[in-house]
Every structure is written in structure tokens, then in C-alpha cells.
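Contents: one structure, followed by commentary.
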Amino acid sequence: MTYSAAENRYDNAQFRRSGRSGLTLPEFSLGLWQNFGDNRNFETQREIILRAFDLGITHFDLANRYGPPFRAAEKVFGRVLGSDLGQYRDEIVIASKAGNPIGASPYLAGGGRKTLLDSIDITLRDLGVDHVDIFYSHSPDLDTPLEETIGALASIVAQGKAHYIGISNYTAERAHDAAIIAEKLGTPLLVHQSRYSIFDRTVERSGHLDTAAQDGTGVVAYSPLAQGLLTDKYLQGTVPADSRAADSAFLNADDISDVYLARAAALNTIAQARGQSLPQLALQWVLRRPEVTTALIGASSTAQLEHNLAATTFADLDDAELAAVDEHGVHGTVLRPKK
């Protein structure tokens with residue numbers, strides 16, 4: 001069946017400008033970090049991607065590391081582009097990243113020029129496109145001069161293989177240095193992608209949000225639901241067999257502690273008093289900050305996607321509710337390795 005996007009796809013979509021750039025991104029973007037790869041049914045993955053676009057999500061976040069196996073998520077998205085979304089390419093923002101290890105070779109990791117320039121070519125081939133919209137340095141490489149990493153990203157833009165550049169998981173100080181270098185090269189830093197949730201407020205405590213605002217860099221918040229800890233999945237103290245705590249390197253059953261359960265239950269009570277779910281509260285909380293351009297959400301089904309996108313239909317959190325969230329949403333509650 002030939003796909004035709006919903007005509008009303010932009011009716012309820014909200015967009016935010018990314019820093020001081022000319023690009024706007026939807027408040028919610030679809031991240032293909034998990035749930036997209038060879039271990040899941042392709043038609044389910046396709047259905048989620050197309051439903052996201054029908055609901056006004058125009059920004060799709062990828063990386064060569066996403067799968068399993070590595071590169072699989074990009075191939076999945078490329079397949080959907082080829083069969084369905086390619087006709088809407090001018091309405092879609094494709095973001096990808098390189099630098100996190102994807103193999104034993106020293107050239108398959110890091111922020112070196114060879115790694116990044118070779119990686120973009122492979123990504124374009126896997127996606128079946130001639131450019132991506134945003135290309136990131138996935139993680140800081142402290143053994144490579146920052147000038148080389150940012151210079152490589154700027155070269156990718158100069159070659160027409162990306163429109164904008166971004167960084168991910170950098171400290172506030174290194175992000176500021178990257179922004180200065182990028183500005184001098186004439187390719188301003190568009191976005192800094194960082195983990196941010198009620199349970200992980202590192203970007204607030206480190207000055208990252210302030211630095212991004214100063215440098216004119218948008219913030220892309222990933223893991224706003226703290227790997228599912230800010231959902232109702234674990235509120236009963238059990239670990240479902242299909243949950244991330246059961247089979248993920250980023251969460252395990254030991255994380256479902258009494259301390260976590262008490263805090264999550266209290267946050268759930270706040271959400272229920274507002275007539276919403278815990279994940280809807282958590283997503284709305286992340287978006288309260290004007291420095292945040294977009295929040296990345298994953299989805300294992302279209303129903304989950306639709307439920308989470310309803311987060312912004314509720315009234316803004318008032319001062320009393322924000323104070324209550326601060327009381328129970330303690331920073332450092334189950335901090336796991338970054339992606």
C-alpha cells in the first residue's frame with residue numbers, strides 16, 4: 001500500500017527554534033536508539049516511524065551505533081525512506097552521529113577526522129540519502145584535539161553531506177570551547193544532545209543549560225523518561241520480562257530499589273492529581289525549560305507514542321507542583337552509563 005502522510009499532521013505540532021539558528025524542531029522528536037534494529041519486526045518499526053510523522057514529528061534521531069547490530073537503525077530508517085517517507089524528504093530533519101565505538105578497529109571510534117569523514121559516507125549509504133540535516137560528534141574524544149573533531153564536522157557541512165553540526169555528551173566547558181571553534185570556522189554549533197530527566201539533572205547542575213543559552217546552541221534532551229523509570233512500568237516493584245531493566249545494559253533489576261519505588265510512587269501521585277500519567281508529567285517537566293529545543297522519545301508501539309505525545313495538552317506545571325517534583329525527583333536516582 002502506498003503511504004500518504006496525514007494532511008493534518010501539523011495541526012497540533014509545536015516547534016521550537018534551536019538556539020540562534022534558523023532551524024526549528026518539534027517539541028518531541030523520535031529517537032531510534034532502542035526498539036529499532038534487526039531484533040524487532042520491521043513492520044512494527046515502520047508503523048511507529050510513519051505514525052510519528054503523521055503526528056507532526058519531523059525530526060528523527062539516529063546514530064551509526066544504534067541497533068542491534070550497529071548501523072541497523074539507520075538501515076531501518078533508510079528502508080522506510082525508500083518505501084514511504086522519501087517523498088517528504090524536504091519536510092524531515094534526519095540527525096545522525098558517529099564517534100562511539102562500533103567495532104574493534106581504532107578507526108571505528110573517536111573524534112578523529114578519518115573516523116568522522118568515513119562514518120558520514122557509510123551513514124549516507126545506509127540511509128540511502130545524499131545528506132543528513134544534523135551530524136554529531138557522539139561523545140567527546142579527549143585524545144583528539146577538539147579543533148580536529150569540530151573541523152571534521154565543519155568539513156562535512158562544506159562537502160554538502162550535512163546542513164548542521166552537533167555534539168553529544170560533552171561537558172559544559174568543552175561544549176563552550178566547541179562552540180567557539182565552530183563559530184570561527186563559520187559553521188555554528190546547532191545542538192548539544194544531553195541526558196536530562198527528573199532523576200538526572202546534570203545539565204542544570206553543571207551549567208550546561210546556561211552555557212547553551214549563552215552560545216546560542218539548542219539542547220536536545222535524551223532519556224527524559226530515565227530509561228522507563230519515569231513510567232508506570234516498575235511501580236509495582238516487579239520487572240516485566242520485556243522491560244529494559246530485564247535486558248538492557250543501561251538498566252537492571254537491582255535499580256528497582258525501595259528508594260526508587262518510593263520516589264516514583266510520589267511522582268506518580270503528583271501526575272494523577274493533574275489527570276495525567278507519570279511519563280506525561282516527566283516529559284512536560286523537561287520541556288518547561290526554554291533552553292530545551294526538543295525532547296527525544298522512543299516508542300515500542302504507536303499507542304505508547306500517542307500517549308506520550310499528549311503530554312503537552314495539560315496545563316503548565318505551577319510553582320507548587322514544581323516544588324513537589326523537586327522534593328521527590330531526586331537527582332542521581334539510578335544514574336546509569338550514557339549511550
Side-chain angles (χ1 to χ4, degrees), residues 27-36 40 44-45 47-48 51-52 55 57 61 194-202 220-289 292 294-314 317 321-322 324-339:
E27 286 187 321
F28 291 116
S29 302
L30 185 66
L32 282 77
W33 174 20
Q34 302 188 59
N35 299 314
F36 294 88
R40 296 181 183 271
T44 299
Q45 298 174 71
E47 182 182 14
I48 292 168
R51 184 57 179 152
L55 292 172
I57 290 182
D61 184 78
S194 296
R195 189 167 63 183
Y196 186 34
S197 74
I198 289 174
F199 284 156
D200 186 349
R201 305 182 184 212
T202 302
V220 175
Y222 77 83
S223 288
L225 300 182
Q227 293 291 309
L229 293 172
L230 289 166
T231 71
D232 60 3
K233 189 171 295 184
Y234 306 109
L235 290 179
Q236 303 305 314
T238 58
V239 177
D242 61 347
S243 68
R244 291 183 188 175
D247 64 0
S248 172
F250 298 93
L251 199 65
N252 61 55
D254 292 339
D255 294 323
I256 313 305
S257 65
D258 290 342
V259 171
Y260 155 72
L261 289 170
R263 292 171 179 171
L267 292 169
N268 189 54
T269 298
I270 297 169
Q272 289 179 333
R274 289 172 46 80
Q276 61 187 162
S277 68
L278 177 55
Q280 289 171 337
L281 170 71
L283 292 170
Q284 193 173 15
W285 182 89
V286 165
L287 289 175
R288 84 198 189 287
R289 294 291 302 234
V292 174
T294 185
L296 292 180
I297 58 174
S300 58
S301 68
T302 56
Q304 183 186 61
L305 176 70
E306 292 165 2
H307 178 84
N308 289 343
L309 288 180
T312 55
T313 63
F314 296 90
L317 291 153
E321 290 167 333
L322 288 172
V325 170
D326 285 345
E327 179 183 354
H328 303 290
V330 179
H331 170 73
T333 301
V334 190
L335 285 186
R336 303 295 295 168
K338 294 182 178 180
K339 64 174 180 174

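How far CG of L309 is from CD of Q304: 10.5 Å, rounded to the nearest 0.5 Å. Interatomic distance, CD1 of I297 versus CG of L225, reported as 8.0 Å (0.5 Å rounding). Rounding to the nearest 0.5 angstrom, the gap separating the CD1 atom in I270 from the CD1 atom in I198 is 8.0 Å. The structure places CG of L287 at 5.5 Å from CD of E27, a figure rounded to the nearest 0.5 Å. In this structure, the separation between OG1 on T231 and CG on L229 is 7.5 Å, given to the nearest 0.5 Å. The OG atom of S257 sits 6.5 Å away from the CG atom of L261 when rounded to the nearest 0.5 Å.
Taking the six-membered ring for Trp and thresholds of 30 and 60 degrees, W285 and Y196 have ring planes inclined between 30 and 60 degrees apart.
Contact detail for A310 and Q280: the closest heavy-atom pair is CB-NE2, 3.7 Å. Across all non-hydrogen atoms, the minimal contact from V286 to P224 is CG2-CB, 4.0 Å. Of all the heavy atoms in I57 and L30, the pair that sits closest is CG2-N, 3.6 Å. Considering all non-hydrogen atoms of both residues, L230 and A226 come closest at CD1-CB, 4.0 Å. Looking at every heavy atom in both residues, P279 comes nearest to N308 through CB-OD1, 3.8 Å. Between R195 and S223, the closest heavy-atom pair is CG-CB, 3.8 Å.
The shortest distance between side-chain heavy atoms of D200 and H331 falls below 4.5 Å. L278 places none of its side-chain heavy atoms less than 4.5 Å from the side chain of D232. Looking at heavy atoms from C-beta onward, R288 lies in side-chain contact with L322 at the 4.5 angstrom threshold.
Residues that satisfy the salt bridge (Lys or Arg N to Asp or Glu O under 4.0 Å) test with D326, not counting sequence neighbours, are R201. Partners of S29 by side-chain contact (heavy atoms from CB on, under 4.5 Å), not counting sequence neighbours, listed by chain and number: P26, H59, T294, L296. Every residue two or more places apart in sequence or in another chain that forms a ring-ring contact (aromatic ring centres under 6.0 Å, His included) with Y222 is listed here: W33. Shown here are the salt bridge (Lys or Arg N to Asp or Glu O under 4.0 Å) partners of E306, two or more places apart in sequence or in another chain: R51. F28 meets the ring-ring contact (aromatic ring centres under 6.0 Å, His included) test with no other residue; sequence neighbours excluded.
Under a 3.5 Å cut-off, the side chain of Y234 and the backbone N or O of A264 do not form any donor-acceptor pair. Within the 3.5 Å criterion, the main-chain N or O of R40 finds a donor-acceptor partner in the side chain of Q45. Side-chain atoms of Q276 do not come within 3.5 Å of backbone N or O of F314 as any donor-acceptor pair.
For residues 263-285, every residue pair satisfying the salt bridge (charged side-chain N to carboxylate O under 4.0 Å, His left out) rule, not counting sequence neighbours, is listed here: R274-E321.
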